[in-house]
Amino acid sequence: METTEGLDSQRQAELESALEKILKVIDTVSITTEEFKIIEKKIGENFSEKKKKEEKKEEDKDTEILEKKKLKRSNIVDLDGIKKLKSEIKKSAQVALFANESGIVFITDKGSRYVSLNPSALITTEITLDALKPLFQLDTPYVVYGYKKLLKSGIDPKNIKCDIFIGNYLLTNHTKEEFEDLVMDRDGEILKTQSEILKERSIKKMNLEEMHEFLEARAKFLYRSGDKFLEELKADKLKKIYNIEMDLVKVLYKMEEEGILIDLDYFKEYQAELAVKLDEIIPQIKAEVKKGVEHNLNMMELTEGEIRESLLQLGKLNYKKKSEYTVYEQKIEEADLEELLNNQLVFNIASPKQLGIVLFQLMKLSKVKKESVGVEVLEVLRDRDGEMIAENILEYRKLAKLQSTYVEALPKLIDENSRLHTTFNQTGTATGRLSSSNPNLQNIPVKTPEGIKIRQGFVAKDGYKLLAIDYSQIELRVLAEISKDETLILAYEQDKDLHDLTARKLFSLSEDEEVSREKRSLAKIVNFSIIYGKTAFGLSSELKISLGEAKEYISRYFSQYPGVKALETKIIEEAKHDGFVRTLYDRKRTIDGINSSNKNIVKQAERMAVNSVIQGTAADILKIVMVELNKKLEGREDIKMNLQVHDELIFEVKEEKIKEYAKLIKNIMETTVKLDHVKLKANVAMGYNWSEAK
DNA sequence: CGGTCACGC
DNA sequence: GCGTGACCG
């Protein structure tokens, strides 16, 4: 039971509970270690024998089905049949392909062909992907679902006619669509979904026929849908953005494969550092709780009974098992006050519920918002009441977040070369942005000094440096471009600091007056609110000002940038009329709720509409530029593109070439996409790690 | 498995 | 506004 590798948690739990039962029985007999070993051996033998029998049965079943139904044997391609399939594909006007780990179904003009990649599935010769390579080098157009996924599993058709995965995303803008939903949506054909099948038999145990059926149904859908999708894309002005997305697939694939190097030793060190800091904070927090409780006792604001009651509540949350809780209950009832405060004050700081009990029942802090212990509440307790514990809890949360989300998680995901390979999801956002997961490398901390330390762990390999180039205020420039607001355009023409300018506008400062740091940062927040379509309410709570003041800032902003106001009105009108909005490159986003009878929903939809156009256009630009960069840099070993973080691209570049490449890439980023009214500007940074490259 | 929180742009 | 992920109950 020590070794748990390779077992998922559910299976592990099952095994553990089984073992528990076994041990209980053994307990009643009281046996020696020697005897136990014998039993162990016996169990092992029986177990493996039983398993063998089961497997044999499965095989027999497969054979039976194969024999009985003479399962379209001609459709199953074996090693000898690959040549035949090749010529069939060659003659075919198009091919559709659907694959998973177990097999591939090809649909040609002649019909369905199944290649099993699952060695246990009764195919005499195991077919490797290598053997299939000739099939993918043909000119015949392939209709596929998820080209990047195919690339990842080693399938790379030369001529992709249509990727339904991408096409569907652009047409419907659905981000979490399952293939099954898509088919039912389009055809009304009810497929047995993967999850339904899994309920009956695990995918590994799916027999040949079931697997064939499963893959074939999907491939057939692709076969009949390719042309339809392409027509729809064209009819909906989405062909241009579709081509960009299709070109991008391979770029993303290469970036994922390349990965980014992390310094494992550094992470280990930082992990230890964080652990020490957390270890220091925890006792501090507990000491403050103890102090608070003692104070309350002395002031007769808290009774011993109340303390015991609160501790029991905590115990209920801490000890899930009844038996453990009963022991704890006993302890709490019997222990004296000294013991309670010194040893039984156990709670989980990360649990809002437990923290609530501690802060408001035991320490009797004044409630700000019920028993909520969110950031705002803790900040009030810290700033208004001077509660040290609030500051410490905030600090604890920050460190715990860094530790669990980054410092502990990232090293677990490296390959044998210490490189991290994220997955860029191309269909994961409503606006057209990419998202990144496993790990998410688009949310690596950057704001706080502690967070920046994480970036230091992202490094370049020997002889190389990281090159990070980001667009300067791309969304505001996009806003200037599509609003054609004269003030904004002029500001960028003169290369002015836009947050500075907005501060001057909001506070009616003259040219020669200095803009204070506070005013600039306030203006910056207001600028972002406009891009994000933030409400006056949101702005007021972020700036900690009154709703009236926030409204005042927003209305001043609009009067100073009338073009922006006009643009928002125009976008909202379009959304109301069409039910969708488009980016500069015609990417669509459907806006649900824009014509709702609920005022709040309408307001939210309006903000969505405005934000989508700006955010989406910026996303389009990045994608276009990434494709262009890939063309220029393809095949070069002295530079690789590693990451995209919405408005920033990160490369690993040979040290002696870095200045040359910095210049080249900056230029490509600034000139590939030409806007009519503003120039795009990119900032270059470089260094041995990601925090230096800033 | 949904809610809360925290990280990014 | 748009994301991913950790943690809790």
Side-chain angles (χ1 to χ4, degrees), chain A residues 173 175-176 313-314 316-320 347-356 369-379 393-410 412-413 422-448 450-452 454-455 470-476 478-479 524-525 527-535 538-539 542 568 571 581 583 589 591 603-619 621-622 643-650 690:
Chain A
N173 198 259
T175 54
K176 272 164 186 128
Q313 280 182 38
L314 292 174
K316 263 186 193 156
L317 294 164
N318 276 327
Y319 301 105
K320 276 196 162 180
F347 63 99
N348 184 353
I349 303 169
S351 157
K353 211 166 180 178
Q354 296 187 32
L355 202 54
K369 204 174 106 191
K370 291 185 188 166
E371 291 218 342
S372 159
V373 287
V375 206
E376 318 129 45
V377 171
L378 291 175
E379 276 172 356
I393 292 167
L394 286 168
E395 181 75 6
Y396 171 88
R397 278 202 191 145
K398 206 176 79 187
L399 298 178
K401 167 82 180 175
L402 288 176
Q403 189 178 48
S404 66
T405 310
Y406 305 105
V407 183
E408 279 181 354
L410 296 180
K412 285 184 189 161
L413 296 168
T422 185
T423 299
F424 289 109
N425 190 345
Q426 209 173 343
T427 65
T429 68
T431 53
R433 269 190 180 177
L434 298 174
S435 72
S436 155
S437 56
N438 280 309
N440 182 354
L441 295 183
Q442 291 183 323
N443 75 342
I444 303 300
V446 71
K447 269 161 76 181
T448 67
E450 289 295 327
I452 286 170
I454 311 263
R455 292 202 169 208
D470 71 307
Y471 279 110
S472 153
Q473 300 177 344
I474 188 163
E475 285 177 334
L476 281 171
V478 165
L479 179 65
K524 190 173 170 180
I525 292 171
N527 275 332
F528 274 103
S529 314
I530 299 301
I531 294 171
Y532 292 160
K534 214 176 220 171
T535 56
L539 186 62
E542 178 161 6
E568 296 210 346
I571 292 174
V581 293
T583 67
R589 160 131 197 224
I591 305 291
K603 284 282 167 207
Q604 197 188 344
E606 289 178 359
R607 294 195 296 275
M608 236 185 235
V610 173
N611 172 252
S612 298
V613 174
I614 299 166
Q615 191 183 107
T617 300
I621 292 173
L622 260 292
L643 294 179
Q644 188 247 44
V645 190
H646 306 308
D647 66 351
E648 177 183 24
L649 293 168
I650 288 124
W690 194 3

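Since the structure is predicted, the reported quantities are computational estimates derived from the model, not experimental observations. In what follows, chains carry the letters A, B, and so on, assigned in the order in which the sequence lines appear, proteins first and then strands, with residues in each chain numbered from 1. No hydrogens, no waters, no symmetry mates; every other heavy atom, side chains included, goes into these values.
Side-chain atoms of A:Gln354 and A:Gln313 include no donor-acceptor pair closer than 3.5 Å.
Partners of A:Glu475 according to the salt bridge (Lys or Arg N to Asp or Glu O under 4.0 Å) rule, which considers only residues two or more places apart in sequence or in another chain, are A:Arg433.
Under the 3.5 Å distance criterion, the side-chain polar atoms of A:Arg397 are left unmatched by any main-chain donor or acceptor of A:Ala350. Remark: side-chain polar atoms of A:Ser437 are not paired, donor with acceptor, to backbone N or O of A:Asn440 under 3.5 angstrom. Side chain of A:Thr175 to main chain of A:Ala430: no donor-acceptor pair is present (N/O by atom type, distance under 3.5 Å, no hydrogens or angles).
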Completion exercise
Under a 4.0 Å heavy-atom criterion, the protein footprint on nucleotides 1-9 of chain C, written with B, S and -, is BBBBBSSSS
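With a cutoff of under 4.0 Å to any heavy atom of chain A, the contacted region of DNA chain B is bounded 5' to 3' by B:dC5 to B:dC9.
Side-chain contact between A:Tyr532 and A:Ile614 is absent, with no heavy-atom pair separated by less than 4.5 Å. A 4.5 Å side-chain heavy-atom check between A:Ile393 and A:Leu355 finds at least one atom pair inside the cut-off. Between A:Ile531 and A:Val478, every side-chain heavy-atom pair lies at or beyond the 4.5 Å cut-off.
When heavy atoms are screened at a 4.0 angstrom cut-off, A:Tyr406 is found touching the sugar-phosphate backbone but no base atom.
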